[in-house]
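Below is one structure, written out as structure tokens, with a few remarks after it.
Atom set for the values below is all heavy atoms of this structure, side chains included, hydrogens, waters and symmetry mates excluded. Chain identifiers are assigned alphabetically (A, B, ...) following the order of the sequence lines, protein sequences preceding nucleic acid strands; residue numbering begins at 1 within each chain.
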2 protein chains.
Amino acid sequence: MQDNINNKTVQHPHNHQGCMQHALQAAEQICGAKGMRLTAIRKRILELICASHKAIGAYELLDLFKLEDPKAKPVTIYRALDFLMEAGLAHKIESLNAFIGCLQAETPHKSAILICDNCKNAYEIDATAVYESLFTLSDSMQFKPQCLTLELHGLCVSCS
Amino acid sequence: MQDNINNKTVQHPHNHQGCMQHALQAAEQICGAKGMRLTAIRKRILELICASHKAIGAYELLDLFKLEDPKAKPVTIYRALDFLMEAGLAHKIESLNAFIGCLQAETPHKSAILICDNCKNAYEIDATAVYESLFTLSDSMQFKPQCLTLELHGLCVSCS
DNA sequence: GCTAAAGTGTAATATTATAACATTCCATTT
DNA sequence: AAATGGAATGTTATAATATTACACTTTAGC
Ligand SMILES: [Zn+2]
Ligand SMILES: [Zn+2]
Ligand SMILES: [Zn+2]
Ligand SMILES: [Zn+2]
């Protein structure tokens, strides 16, 4: 299963080049298919996000981006982030005000994010069963679900 | 079951005085029991939060608080919010940067927050089963859970 | 009353995010 | 190739959210 492959990969030391390449290739493919334009700026921001599995803040991204384009402004970053999230290529972690790249953007997925408060790595995992459980509950209250924020803080296996 | 009572209460027109009184009494009781000081400022902020079931932002609270204390500053609100959250009397909704009062602070609970994007009401519901489902998953990844953000946006029964 | 800790006042600042409008780029049509 | 219209970017300013630092006051325990 794709999710498990991804989950395993990020739980252990791994060849991170693979993660990056996968994310970038998926981005090209998805944007091509949807007629969305993965411009140089957007691609570069995605690369910067995917450079590690740590969630990264918009202003951290700005600092990095400024190394190449010293005149860059916050709105450039936020516009790229909006695009990437719209395309499903990145996710915002609300409890951190920070962003991660999506490792399974090519597949529709219902995910939770596990955030290690020690090493700061954030891993998206398949949480279909969790969604079903919650939707059953919300259905029973006649609540129509639209969008779920599901972020679990704790300690990853390497840090506990 | 307490949770169901609360869940029903907030899903329909209800005597909101009851919600407020319950929250305030629980606050007194909890703080008394734990040796925490529910000072005038903190109590007032809690009242302002509990005035409705809509999530309220820190600066909205500040505006309201200023009606009584025009010199009040943001830090006063944030300090009160920190205290109330520490005491379990209020919760932050990360996806809104806003706050709600807890209606079952006297009981340990594993809750999700249902947020209606139309009327803006936010209801805390018991989600023990959802937690179990997620913890099973995180256990399988040897992740030690500490703190869960579980916020479901959508439309409540009155708004759909 | 003395003391230490907690709470509050006050000012400044940090961090996160958006609005408004001008300009440029780029695919499509002519 | 030129015109055109929409998307993307540049530029400036500002809004919205949150914290730090330090002085002063209140409170509870001794
Ligand atoms: Zn990797
Ligand atoms: Zn870790
Ligand atoms: Zn009520
Ligand atoms: Zn609660």
Report the distance from atom OG of A:Ser160 to atom CZ of B:Phe143, rounding to the nearest 0.5 Å. 9.0 Å
How many Å lie between CG on A:Leu62 and P on D:dT11, as a whole number? 14 Å
note: A:Arg42, atom CZ; D:dA7, atom P; distance rounded to Å ~ 11 Å
For the NZ atom on A:Lys54, are there more than 12 heavy atoms of other groups (residues, nucleotides or ligands in this structure) within a distance under 6.0 Å? yes
State whether the number of non-hydrogen atoms from other residues, nucleotides or ligands found under 6.0 Å of A:Lys144 atom NZ is greater than 12. no
Those residues at least two apart in sequence (or on a different chain) that pass side chain to side chain contact (heavy atoms under 4.5 Å, CB included) with B:Ala72 are B:Leu62, B:Phe65, B:Lys66, B:Asp69
For the helix from C:dG1-D:dC30 to C:dT30-D:dA1, measure the angle between the helix axis at one end and the axis at the other, each built from five pairs, rounding to 10°. 30°
Between B:Met36 (CE) and C:dA6 (C1'), how many Å, whole number? 12 Å
Taking CG from A:Leu38 and P from D:dA8, how many angstroms apart are they, rounded to a whole number? 11 Å
Mind calculating the distance between CD1 (A:Ile93) and C1' (C:dT16) to the nearest angstrom? 16 Å
A:Val157 to B:Met141 - nearest heavy-atom pair and separation: CB-O, 4.3 Å
Measure from the ring center of A:His16 to the ring center of A:His22 and say whether it is less than 6.0 Å. no
Starting from P on C:dT23, measure out to NZ on A:Lys73 and report it in whole angstrom. 17 Å
Where along nucleotides 15-30 of chain D does protein come under 4.0 Å, by heavy atom, of base (B) or sugar-phosphate alone (S), with - for untouched nucleotides? --BBBBB-----S---
Would you confirm whether the ring centroid of A:His109 sits within less than 6.0 angstrom of the ring centroid of A:His91? yes
